[in-house]
Amino acid sequence: MESGVEMEIVIIGGGICGLATALALHRKGIRSLVLEKSETLRPTGAALIVLTNGWCALDQLGVGTTLRRTAIQIERGKLVLLSENDEPKEIPFGVCEEFRCVRRRDLLEAMADCLPVGTIRFGCQVVSVEIDSKTLNPLLQLSDGSTLHAKVVIGCDGVNSIVANMVGLKSTKRFSTCATRGLTNYPNGHEFGRDFVMISKDKVQVGIIAVNDQLVYWFITRLWTSRDSKVSRDSTLIRQSAMESMKGFPIDAIEMISKCELNSLHLADLRYRPLWDLVLSNFRKGTMTVAGDAMHATGPFLAQGGSASIEDAVVLGRCLAQKIMKIDKNVVRVETLVKEAFDNYVKERKMRILWLSLHTYLIGKKLDTKSFIVNSIIISIMAILFKDPDVHCRYDCGEL
Ligand SMILES: Cc1cc2nc3c(=O)[nH]c(=O)nc-3n(C[C@H](O)[C@H](O)[C@H](O)COP(=O)(O)OP(=O)(O)OC[C@H]3O[C@@H](n4cnc5c(N)ncnc54)[C@H](O)[C@@H]3O)c2cc1C
């Protein structure tokens, strides 16, 4: 670790991206303060798939080895197509070099444990961000009525980011699909092995992946209905609606839902940032920028949103450190260097997030559409642009 540099960097949001960013900065000897509105770490969504590129980024943060111990390697994939009239059809598929499913709690804890005490301030919701007219620095209004002056603000505040609005991004949009996620514990071991199983029937897809030999993560994607706002607030209703959407699915999959850990359940609509918004934005205003879902919310169809957020953190940490190390103690040029660092970060991330966003948008729209023609057009575009199924997970965000 390089010697400590004093900077008043405030990260809004202590989710995957906020903690990864704080850790990247800490590894470079740069202090930051993370403001998280929840009272504790917030592992919403149970678990997430982390592919080769995500592991590269976690290794740069120094938590890859610890996390690999919590999540087994998945070796192959199997798509099961169900239909009313025919026998189920099984299609095997390969998975990328490193494919593991990590409990969100394990991921957040692994990163938080490496941060200096006092880095995360829980129960601290930022309600607005303005530019202070006197200092021209960001001024944060907190929900307890207090204000906080910062030299630098990094918005890692997720799909409904207030910092994203400040840097000129529009609100995220919604796919017609929603996702239920949960964990099921099998104290005597489960029988899903090391396969990533996807089962599909009409507009319902179920994914099943082992976290370890006892714990299984699963998700269901289906069309969002008007009842779902109410359902999403009650775990028992979420489980009930998940079971209802699985009529005709194999019995072991239905049993898995019925025995799930109620407190792991989460039902959410799926949101994305329109491509033009990403193309046109420079993701910066003064010394403020965004990372993670705040920058590039995508549908979860490629299982890349979390990994891309960790990549953001590595690149942002590297770009900031490169500039901050040049600070001349006598000539205060901090703001100029931070702006340059953020512009370098955005330049490096833009193509990566555009490709990921385009691909997930196409898959999301394919799930949304009922039109045969639109479906065929999307399949053709994807066949041309995304022939290589491993293209996204071969990406290497480089050294921190
Ligand atoms: C159904 C589904 C499945 C997914 N599966 C995968 C997967 O398998 N693999 C993968 O890589 N990605 C996956 N993703 C994407 C992944 O979850 C996100 O990309 C990732 O969580 C983004 O992290 P983040 O830190 O940017 O945002 P978040 O995880 O949303 O964290 C934002 C944090 O900011 C806090 N916050 C928000 N506003 C404020 C405020 N005003 N003040 C203070 N704190 C605030 C929130 O409490 C939260 O803790 C999935 C997403 C969905 C919806």
Side-chain angles (χ1 to χ4, degrees), residues 1-14 17-36 115-116 118-121 124 126-142 146-157 161-169 278 280-292 294-296 309 311-350 353 398 400:
M1 199 169 77
E2 288 152 57
S3 62
V5 177
E6 289 286 336
M7 284 282 296
E8 289 140 47
I9 300 180
V10 173
I11 296 169
I12 305 181
C17 189
L19 296 187
T21 304
L23 184 53
L25 295 178
H26 171 61
R27 297 285 190 220
K28 294 304 234 180
I30 302 168
R31 269 202 241 154
S32 65
L33 174 67
V34 178
L35 307 180
E36 168 53 49
L115 292 171
T119 303
I120 313 171
R121 198 181 287 173
C124 190
V126 179
V127 287
S128 70
V129 185
E130 296 157 24
I131 300 287
D132 185 358
S133 53
K134 283 194 198 117
T135 62
L136 298 182
N137 283 334
L139 177 64
L140 313 186
Q141 191 76 47
L142 308 182
S146 62
T147 51
L148 203 148
H149 291 264
K151 279 216 170 83
V152 177
V153 166
I154 304 171
C156 300
D157 46 343
S161 166
I162 49 173
V163 187
N165 291 345
M166 277 301 290
V167 303
L169 287 160
L278 297 174
L280 297 175
S281 176
N282 65 3
F283 302 105
R284 177 178 75 74
K285 180 168 184 178
T287 54
M288 271 188 267
T289 193
V290 278
M295 186 190 212
H296 48 70
S309 305
E311 291 170 9
D312 291 343
V314 172
V315 177
L316 189 46
R318 177 171 66 231
C319 291
L320 259 179
Q322 278 164 358
K323 291 288 173 184
I324 285 172
M325 292 310 148
K326 287 189 189 157
I327 288 177
D328 181 335
K329 295 266 179 317
N330 302 315
V331 188
V332 184
R333 293 191 301 128
V334 179
E335 283 79 2
T336 315
L337 290 172
V338 168
K339 286 177 195 169
E340 285 172 14
F342 284 173
D343 288 342
N344 290 346
Y345 152 71
V346 170
K347 199 168 155 204
E348 200 172 327
R349 294 302 292 154
K350 202 154 188 174
I353 61 173
L400 177 60

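Residue indices begin at 1 and follow the sequence shown.
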- prompt: Looking only at atom types and distance, does a side-chain atom of Arg318 sit under 3.5 Å from a main-chain N or O of Leu320, one as donor and one as acceptor?
  reply: no

- request: Check the surroundings of atom NZ in Lys350: do more than 12 heavy atoms from other residues, nucleotides or ligands lie under 6.0 Å from it?
  value: yes

task: Output yes when a side-chain donor or acceptor of Asp157 lies under 3.5 Å from a complementary backbone atom of Ile162, and no otherwise.
output: yes

- prompt: Considering all heavy atoms of both residues, which atom of Gly292 and which atom of Ser309 are nearest to each other, and what is their separation?
  reply: CA-OG, 3.4 Å

4.5 Å side-chain heavy-atom contact, Lys323 and Asn344: yes

Minimum-distance pair of heavy atoms, taken over all atoms of Gly18 and Ile11: CA-CG2, 3.7 Å

query: So, do Met295 and Val167 sit near enough that their side-chain heavy atoms are less than 4.5 Å apart?
result: no

query: How far apart are the closest heavy atoms of Ala294 and Ala164, and which atoms are they?
result: O-CB, 3.6 Å

task: Can you see which heavy atom on Val34 is nearest to which on Gly14, and at what distance?
output: CG1-CA, 3.6 Å

Flag side-chain contact, heavy atom, 4.5 Å: Lys151 against Val338: no

query: With a 4.5 Å limit on heavy-atom distance, are the side chains of Asp312 and His296 in contact?
result: yes

task: Check whether any side-chain heavy atom of Leu142 sits under 4.5 Å from a side-chain heavy atom of Leu35, and report yes or no.
output: yes

- request: Report the distance from atom CG of Leu115 to atom CG of Leu33, rounding to the nearest 0.5 Å.
  value: 11.0 Å

field: Phe342 vs Asn282 side-chain heavy atoms within contact, under 4.5 Å
entry: no

query: Can you tell me if Lys285 uses its side chain to pair, donor with acceptor, with the backbone of Gly168 under 3.5 Å?
result: no

query: If you look at every heavy atom in Asn165 and Leu169, which pair is closest and at what distance?
result: OD1-O, 3.4 Å

query: Nearest 0.5 Å, what's the CD1-CG distance between Ile120 and Leu19?
result: 5.0 Å

- request: Over all heavy atoms of both residues, which pair between Ile30 and Ala321 is shortest? Give the atoms and the distance, please.
  value: CD1-CA, 3.9 Å

task: Can you sort out the partners of Ser146 under side chain to side chain donor-acceptor pair (under 3.5 Å), two or more places apart, ordered by chain and number?
output: Asp144

- request: Check the pair His26, Thr119 against side-chain contact (heavy atoms from CB on, under 4.5 Å), reporting the backbone distance first and the verdict last.
  value: CA-CA 10 Å; His26 171 61; Thr119 303; over 6 Å; no

Passing candidate, side chain to side chain contact (heavy atoms under 4.5 Å, CB included) with His149, options Asn137, Leu140, Asp132: Asp132

- line: Distance col, row Glu311:CD vs Glu348:CD, nearest 0.5 angstrom, shows 10.0 Å

task: Hey, could you give me the CD1/CE distance between Ile12 and Met166, rounded to the nearest 0.5 Å?
output: 9.5 Å

- prompt: Would a distance-only check, ignoring hydrogens and angles, find a side-chain to backbone donor-acceptor pair under 3.5 Å from Ser32 to Ile9?
  reply: no

- request: Before giving the answer on side-chain contact (heavy atoms from CB on, under 4.5 Å), spell out for Val153 and Thr287 the whole-Å C-alpha distance, their side-chain angles and the decisive distance to 0.1 Å.
  value: CA-CA 6 Å; Val153 166; Thr287 54; over 6 Å; no

